[in-house]
Amino acid sequence: MNQLLGVLLGGVLTLVGSFGAASLQARHQRKQTRAKDLWDRRASLYLDLLTHLGGRVSFAAGSDQFLIGYGPKTAEDYQLRNQLHARVALFASRETRDLWGKAADAALHLAAETFEGGHYEQFYDRVIIPETSQDPEYTRLVDAAKSAREELIARLRTELEVDHCLSA
């Protein structure tokens, strides 16, 4: 009788242990799947942020209200900008949101100075922006935009662990 009780108790403990291990493994796999999904969404979003950083659609919300003529022009621009803002609000970290706003504002001010200050050349239907200028304000804006962009890129690389993955 004692032997049968011992066998039954051992069997029950084995079943409970197996069930617990399977449950923990399933929970870990779900967590890993969600983490990968978030990483994929962030990677796509962050690439879009950098792609559109200097364009009309990325200028931070409200910025184009005080710089007339800059910002979205078409319905597609507004739609893309709204999608970017929604994805940033949902998937980006607070620090990334702040750095994106800073970089977008710097790009906006640089674009305004470039065109209003005449710091460009027209070649048929293309606008060419020279890399150097004698105007100290324009140079300051170029440096500010470049610095803000580099700071944003560094943060994005950190969040996506790009350098860690490349060195592994």
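Throughout, residue positions are numbered sequentially from 1 according to the sequence presented.
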Look up atom [atom1] in [X] and atom [atom2] in [Y], then write down how far apart they are to the nearest 0.5 Å.
X    : Y    : atom1 : atom2 : answer
Q83  : Q79  : CD    : CD    : 5.0 Å
R87  : Y46  : CZ    : OH    : 11.0 Å
S147 : R140 : OG    : CZ    : 11.5 Å
R27  : Q29  : CZ    : CD    : 12.5 Å

- request: Measure the shortest side-chain to side-chain distance between L99 and L156 over non-hydrogen atoms and say whether it is less than 4.5 angstrom.
  value: no

task: Determine, step by step, whether L53 and L49 satisfy the side-chain contact (heavy atoms from CB on, under 4.5 Å) criterion, reporting the C-alpha distance in whole Å, the side-chain angles of both residues, the deciding distance to 0.1 Å, and the verdict.
output: CA-CA 6 Å; L53 184 61; L49 288 182; over 6 Å; no

- prompt: Using the benzene-type ring in the case of Trp, are the ring centres of W100 and H52 under 6.0 Å apart?
  reply: no

Under 4.0 Å between a Lys/Arg side-chain N and an Asp/Glu carboxylate O for [X] and [Y]?
X    : Y    : result
R155 : E151 : no
R94  : D98  : no
D77  : R81  : no

query: Can you name the nearest heavy-atom pair linking A145 to A106, along with the distance?
result: CA-CB, 3.7 Å

- prompt: Which atom pair, heavy atoms only, marks the closest approach of F91 to R42?
  reply: O-NE, 2.6 Å

field: From CA spacing to verdict: side-chain contact (heavy atoms from CB on, under 4.5 Å), L152, L50
entry: CA-CA 9 Å; L152 176 62; L50 291 177; 4.1 Å; yes

Does the [X] side chain pair with the main chain of [Y], one donor and one acceptor, at a distance under 3.5 Å?
X    : Y    : answer
N82  : Y78  : yes
T114 : L110 : yes
T51  : L47  : yes

